[in-house]
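Just below is one structure, and these are the notes that go with it.
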Amino acid sequence: MKNTINPKDKRFKIAHREALIGVVLVVINFLWWYGFAYGLGSDKVEHYTYILGLPAWFFYSCIVGFFVMVILVILTVKFLFTDVPFEDEEGEPK
Amino acid sequence: MNWSVITPLVIFLLIIFAVGFWSHKFVLKSHSFLEEYFLGERQMGGFILAMTMVATYGSASSFIGGPGVAYTKGLGWVLLAMAQLATGYFTLMVLGKKFAIMARKYKAITLIDFLKERYQSKTVVLLSAASIVIFLFSSMTAQWIGGARLVESLTGLPYTAALLIFAFSVLIFVIIGGFRAVALTDAVQGVVMFAGTLILLIATIKAGGGIPKIISDLAAENPKLISPFGADGTLTPSYVSSYWILVGIGVIGLPQITVRAMSYKNSKAMHSAIIIGTIVVGFIMLGMHLIGVFARPVMPGIEIGDTVMPLLSMKVLPPFAAGIVLAAPMAAIMSTVDALLILVSSAIVKDVYINYIKPNASNAHVKKISFSVTAVIGIIVILLSLSPPNLIIWLNLFSFGGLESVFIWPVIFGLYWAKGNKYGAVASMVIGMISYIILDRFYPNAFGMHTVVLPIIISMLVFVAVSLFTQRRISLENTYQRF
């Protein structure tokens, strides 16, 4: 049969792990974003503290959150992601 | 006419054309016309891949609509917009290497090719092609109208002339250059979008007298503007969070994004695209929406949200810089429209015509058909934009969420769940679409969340249930086929 996908292809194990990492990152991203935004932001506006002129909830949730995610993404890609060939010549144990 | 504003725009258009003609060379000498024209021969490097994803995703709403809403709602809307940061890494990581490997094995050029090989079902192909054509046609028209309005407001030309200028500039490079031209111009457009955001953000902060001053002005006008709940207190945590589905992780189901995840050269390209994409999309979304909020003290009393961004640029920037900044939304619109155009064309030519009407068409014939189908679609869209029928506007409202509800599970389960089968896929596509339209009509924002959430959950349950229920039938079918 043509186009058979070999489920035991070891490249898929890498791919599955990396997809899972993507999901974990989104969960971290969401918790950080939600936690700071509504944790600090639900206070009365008069009680807000400010960092660099921005309300603290916004500063931590959106600005710091952005940098944290960029750093996490760089670290995961550099250290956890593996280079694999996409073409069929290699990587297929038979 | 304000020539110092228009000059940068014209230069920008000329660069885009140059790229289109340059790409045409590849179309002419390529060995496999289809793979080149619709996928750029899977040669995208990391930077181009990142930029084409960001630019395709970032549309009129990121540069015109979004900042306009941020202007009225305050920082809460910037918070909501930041849900889009996830698109930068999530889509490529989750579709990831598995999608790239399977797509190559299947020799898939379009998302539909992939679904066709994975599910071996004609119904899946026709359903997908139909939803792509219907929904993207309408969202293309909407973007086109946005682009024409923008040209109209910048140059003072009448709407029809503005539309024709805008439309023909896009059409020419897409028709002759194909996917490669689209991706390369996206890279140019992505850079323009990034630079435009940066320039305008700095100029707006300066014009407002610094961030602390802007924030205290906002708080003095209405304290809720600097709270996460929006100026009128309507942005509840569950509503804002549900945007993580619509504009964050659900983006995986948008065919114009998915097709890009099979276009890259190697895993190195993918790795650097994830990093670049996250930085660029995060910066543009954060920057543009902050600009919208910061514009409020600088230019109070704007009634129509969509005009905030053009008016602000003209006010806080010298004319030539305003021209560069205003090239950004134009770039955003063009890069979305061109991606949709080539995708709709591929759905018609590759997925329907070659699959079912004329499977053994010669290369020369396919070439002719591809050029002419792309051109005809473009012209139809122009005609529709001249006097947009209500149906188009209505359909466009569903386009994003509708496509996500249709495609997200067939793609994800197709990749990661071996038991997912064609019955599950067909059922989830149909139910996803219908439930989205019905809920939107009769029960929008159920449980305080965006309408897209329920259809995505429902279509997942349907996919799983139907796939498990038809297990026996599928294995029987396979047995028969074998003997």
Side-chain angles (χ1 to χ4, degrees), chain A residues 1-7 9 11-12 14-26 29-30 33-34 36-46 48 50 52-55 57-58 61-63 65-67 69-70 72-74 76-78 81-88 91-92, chain B residues 42 75-76 78-79 82-83 85-86 88-107 117-118 210-216 219 223-224 226-229 237 240-241 244 248-249 264-268 270-272 274-275 278-279 282-283 286 290 415-416 418:
Chain A
M1 218 168 106
K2 59 167 188 142
N3 294 332
T4 341
I5 295 286
N6 174 9
D9 193 327
R11 293 174 299 173
F12 286 165
I14 298 172
H16 290 183
R17 195 179 69 126
E18 293 178 2
L20 210 61
I21 293 175
V23 176
V24 172
L25 279 181
V26 156
N29 193 173
F30 179 78
W33 171 92
Y34 191 96
F36 280 107
Y38 297 105
L40 296 173
S42 300
D43 214 348
K44 279 202 179 118
V45 176
E46 303 92 77
Y48 278 2
Y50 296 86
L52 297 178
L54 292 162
W57 71 263
F58 183 81
S61 172
C62 295
I63 313 269
F66 174 37
F67 285 105
M69 284 320 293
V70 168
L72 281 181
V73 165
I74 294 177
T76 45
V77 169
K78 289 262 182 272
F81 276 42
T82 326
D83 267 321
V84 298
F86 290 156
E87 306 302 335
D88 262 350
E92 258 194 297
Chain B
R42 300 185 213 273
L75 288 180
V78 188
L79 178 70
M82 281 312 276
L85 178 59
Y89 55 91
F90 186 74
T91 326
L92 272 178
M93 282 185 181
V94 170
L95 292 173
K97 288 166 185 156
K98 184 134 193 201
F99 192 53
I101 296 168
M102 285 176 81
R104 275 171 166 76
K105 221 168 240 189
Y106 289 153
K107 300 201 175 5
E117 292 297 328
R118 171 64 179 78
I211 296 177
K213 168 107 173 39
I214 294 177
I215 296 292
S216 65
K224 287 204 179 110
I226 64 165
S227 81
F229 303 104
V240 174
S241 301
W244 279 74
I249 60 181
Y264 49 92
K265 206 175 355 180
N266 50 33
S267 55
K268 275 208 179 56
M270 171 202 164
H271 291 170
S272 52
I274 291 176
I275 297 175
T278 309
I279 297 173
F283 178 77
L286 180 62
L290 258 185
L415 286 174
Y416 295 107

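Computed from heavy atoms alone, side chains included, the values below leave out hydrogens, waters and symmetry copies. We name chains A, B, ... by the order of the sequence lines, and we start the count at 1 in each one.
Between A/Met69 and B/Tyr89 there is a side-chain heavy-atom pair separated by less than 4.5 Å. Counting heavy atoms from C-beta on, the side chains of B/Met93 and A/Val26 never come closer than 4.5 Å. Two residues are said to be in side-chain contact when any heavy atoms from C-beta on lie closer than 4.5 Å; B/Tyr416 and A/Leu20 fail this criterion. Contact check for A/Val45 versus B/Lys224: no side-chain heavy atoms found under the 4.5 Å cut-off.
Nearest heavy-atom pair, B/Pro228 versus A/Gly41, reported as atom, atom and distance to 0.1 Å: CD-O, 3.5 Å.
Counting heavy-atom pairs closer than 4.5 Å to chain A, the top residue among B/Ile275, B/Ile279, B/Ile215, B/Leu79 is B/Leu79. Comparing B/Ile274, B/Leu95, B/Ile249, B/Leu415 by how many heavy-atom pairs each has under 4.5 Å with chain A, the most go to B/Ile274. If you tally non-hydrogen atom pairs under 4.5 Å between each of B/Ile211, B/Leu75, B/Val94 and chain A, the highest count goes to B/Leu75. Among the candidates B/Gly96, B/Pro223, B/Ser227, the residue making the largest number of heavy-atom pairs closer than 4.5 Å to chain A is B/Ser227. Note: B/Pro212 leads B/Ser216, B/Ala219, B/Pro212, B/Ser272 in heavy-atom pairs under 4.5 Å with chain A. Chain B forms more heavy-atom pairs under 4.5 Å with one residue of A/Thr82, A/Ile21, A/Leu52 than with any other, namely A/Thr82.
Looking only at distances, no side-chain donor or acceptor of B/Thr278 sits under 3.5 Å from a matching main-chain atom of A/Val70. No side-chain donor-acceptor contact under 3.5 Å links A/Trp33 to the backbone of B/Ser241.
Heavy atoms of A/Tyr48 lying under 4.5 Å from chain B belong exclusively to its side chain. Contacts between B/Lys213 and chain A at a heavy-atom distance below 4.5 Å are absent for every atom of the residue. Interface remark: A/Phe30 contributes backbone and side-chain atoms alike to the contact with chain B (heavy atom separation under 4.5 Å). Both the backbone and the side chain of A/Phe81 come within contact range of chain B, with heavy atoms under 4.5 Å apart. Contacts between A/Ser42 and chain B at a heavy-atom distance below 4.5 Å involve backbone atoms as well as side-chain atoms. When heavy atoms are compared at a cutoff of 4.5 Å, B/Leu286 approaches chain A solely by way of its side chain, counted from C-beta outward. Neither the backbone nor the side chain of B/Leu92 has a heavy atom closer than 4.5 Å to any heavy atom of chain A. Looking at A/Phe66, both its backbone and its side chain come within 4.5 Å of chain B, counting heavy atoms on both sides.
Judged as a salt bridge (charged side-chain N to carboxylate O under 4.0 Å, His left out), and not counting sequence neighbours, A/Asp43 has no contacts.
Aromatic ring centres of A/Tyr38 and B/Phe229: separated by under 6.0 Å.
To the nearest 0.5 Å, atom CD1 of residue A/Ile14 and atom NZ of residue B/Lys98 are 12.5 Å apart. Atom CD1 of B/Ile101 sits about 4.0 Å away from atom CZ of A/Arg11, to the nearest 0.5 Å. How far CZ of A/Phe86 is from CZ of B/Arg42: 11.0 Å, rounded to the nearest 0.5 Å.
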Practice problem: List the steps and the verdict of side-chain contact (heavy atoms from CB on, under 4.5 Å) for A/Asn29 and B/Trp244. | Solution: CA-CA 10 Å; A/Asn29 193 173; B/Trp244 279 74; 3.5 Å; yes
